[in-house]
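All chains are named by letter (A, B, ...) in the order of the sequence lines, taking the proteins before the strands, and each is independently numbered beginning at 1.
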Number of protein chains: 2
Amino acid sequence: MSLRMALLGLLTAYGPASGYDLAKSFERSVAHVWQAGHSQIYPELAKMTADGLVTVEAEGARGRKIYAITPEGGAELRAWLISHDPTGPARNEVALQAFLLPLLDPGEALAVLERLRAYTERKLAELEALHAVKHASPVPEGATTGVRFGNLALDLGIRQTRTTLAWANDTIAAIGRRA
Amino acid sequence: MSLRMALLGLLTAYGPASGYDLAKSFERSVAHVWQAGHSQIYPELAKMTADGLVTVEAEGARGRKIYAITPEGGAELRAWLISHDPTGPARNEVALQAFLLPLLDPGEALAVLERLRAYTERKLAELEALHAVKHASPVPEGATTGVRFGNLALDLGIRQTRTTLAWANDTIAAIGRRA
DNA sequence: AATTACATGTAAGCGGTTACATGATTGT
DNA sequence: ACAATCATGTAACCGCTTACATGTAATT
């Protein structure tokens with residue numbers, strides 16, 4: 001369902017687009033919160049067309065199909081946002097490694113934590129770069145809260161990444177003291 | 001792979017157990033970082049037996065099979081912890097809803113954020129209750145860092161949940177000002 | 001005797017990944 | 001001519017969920 005909603009969201013915010021365009025949008029804007037490749041997007045768009053949530057508005061060169069969101073699609077997206085509780089089953093690889101970490105001896109655990117910290121630092125730098133760029137981008141159609149599309153998620157992402165980084169640093173310090 | 005590692009971790013920490021026991025352990029201890037039902041666990045244990053990572057140590061009443069981790073299993077777990085980068089594809093439902101939120105008008109967006117906040121508050125209370133209980137639990141076998149098994153993940157989870165809660169509160173305040 | 005908890009498995013189906021396959025257009 | 005990019009799709013496979021299916025032991 002989430003893939004569907006992400007696609008409807010992109011079509012609402014940026015207007016009609018092809019499967020190819022949408023796949024690019026996933027790589028660029030949505031990548032940090034949701035991922036999908038073209039092999040997943042094309043069949044999904046076909047299903048969504050059958051369900052009346054989108055329509056093939058036009059067909060361009062090279063068999064390019066331009067999809068547009070329908071009123072039903074818009075309603076579906078709004079309904080999902082308003083009433084769907086994000087009960088995504090907890091499945092967090094970083095947290096799982098953290099969970100199992102005490103099974104290693106202190107030296108090894110420290111090495112793992114250092115790796116985790118480096119990884120988190122890279123991710124934070126990426127998000128903060130995106131944050132800087134964002135202020136130059138145009139406000140897309142469809143944004144009614146006055147907040148730029150995607151900015152709330154970026155803020156959340158940066159905060160969470162900073163939290164993970166702080167945890168890694170504190171844990172390295174705590175285990176380091178014992179080792 | 002992660003399910004495999006979670007199972008090996010539980011067998012290392014708590015000693016030999018049946019598929020049934022492991023399913024219970026998932027519900028209790030690992031639930032916040034990884035989820036798995038018995039229908040996933042039983043076939044996985046069979047595959048792990050075939051791969052020599054665990055052995056059926058004993059068979060009890062009601063066809064109960066007790067699995068024990070083998071040296072190969074232990075090596076596999078350690079290798080994974082030490083060298084596997086947790087590149088779990090970003091797929092976060094809360095963040096996706098945050099991403100799409102500006103498509104709603106301010107009143108609706110506020111309602112969604114309130115729901116998100118309530119959900120996060122419940123989760124935080126749960127984790128903090130677990131934190132309180134933890135101090136009474138025994139230190140299991142296999143913990144070599146001196147940190148109790150699962151405590152690092154719990155700390156991380158509490159921090160992240162607090163961060164999400166703060167984000168929800170701040171965003172409610174920010175949008176509320178505009179509405 | 002009936003219910004609950006223990007205990008194990010299988011099957012259908014969905015969401016997602018990787019790889020395969022094809023062809024048109026544009027730029028060098 | 002060749003390469004890169006545009007553009008769409010399919011197939012095999014894996015991980016996971018939900019539901020089906022079966023039977024045993026302990027409790028009330």
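- Without hydrogens or angle criteria, Asp51(A) side chain to Leu53(A) main chain gives no donor-acceptor distance under 3.5 Å.
- Glu93(B) and Ser2(A) make their closest contact through OE2-OG, 3.0 Å (heavy atoms, listed as atom of the first residue, atom of the second, distance).
- Atom CD1 in Ile41(B) sits about 15 Å away from atom P in dG15(D), given to the nearest Å.
- Put simply, CD on Glu44(A) is 12 Å from P on dC14(C), counting in whole angstrom units.
- A distance of 11.5 Å separates CD1 of Ile158(A) from OG1 of Thr163(A), quoted to the nearest 0.5 Å.
- dA11(D) atom C1' lies 12 Å from atom NE2 of His38(A), rounded to whole Å.
- Computed from coordinates, the Lys24(B) NZ to dA5(C) C1' distance equals 8 Å when rounded to whole Å.
- Classified by interplanar angle (parallel below 30°, tilted 30° to 60°, perpendicular above 60°), the ring pair Tyr42(B)/His38(B) is perpendicular.
- A straight line from CZ of Phe26(B) to P of dT17(D) spans 11 Å, rounded to a whole angstrom.
- The nearest whole Å value for the distance from the CG atom in Leu45(A) to the P atom in dT8(D) is 9 Å.
- Two residues, Pro89(B) and Tyr67(B), neighbour DNA chain C, and the one matched to the more 5' nucleotide by heavy-atom proximity is Tyr67(B).
- With the end axes of the helix from dA1(C)-dT28(D) to dT28(C)-dA1(D) each set by five pairs, the angle from one to the other reads 10° at 10° resolution.
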Worked verdict on Lys123(A) versus Glu128(A) for salt bridge (Lys or Arg N to Asp or Glu O under 4.0 Å):
CA-CA 9 Å; Lys123(A) 202 170 132 193; Glu128(A) 278 172 343; over 6 Å; no

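- For Trp34(A), counting side-chain heavy atoms from C-beta on, the closest listed nucleotide (dG15(C), dG16(C), dG9(D)) is dG16(C).
- With dC6(D), dC6(C), dT17(C) as the candidates, the nucleotide lying closest to the side chain of Tyr20(B) is dC6(C).
- Separating the CD atom of Gln40(B) from the P atom of dA12(C) is a distance of 18 Å, rounded to the nearest angstrom.
- Side-chain contact, His84(B) with Gln97(A): no donor N or O sits under 3.5 Å from an acceptor N or O.
- For the contact set between residues 48-65 of chain A and DNA chain D, defined by any heavy atom under 4.0 Å, the members are Arg62(A), Gly63(A), Arg64(A), Lys65(A).
- Candidate nucleotides dG9(C), dG15(D), dT10(C) were compared by shortest atom distance to the side chain of Pro43(B), and dT10(C) ranks first.
- Tracing side-chain contacts under 4.5 Å through hydrophobic residues (I, L, V, M, F, W, Y), one never reaches Tyr119(B) starting from Leu96(B); they form parts of separate clusters.
- Residue Tyr42(A) contributes atom OH, which lies 14 Å from atom C1' of dA21(C) at whole-angstrom precision.
- Donor-acceptor pairing under 3.5 Å is recorded for the side chains of Glu72(B) and Thr70(B).
- For Ser39(A), counting side-chain heavy atoms from C-beta on, the closest listed nucleotide (dT8(C), dA19(C), dT17(D)) is dA19(C).
- Judged by distance alone, the side chain of Gln35(B) and the main-chain N or O of Ala90(A) form a donor-acceptor pair under 3.5 Å.
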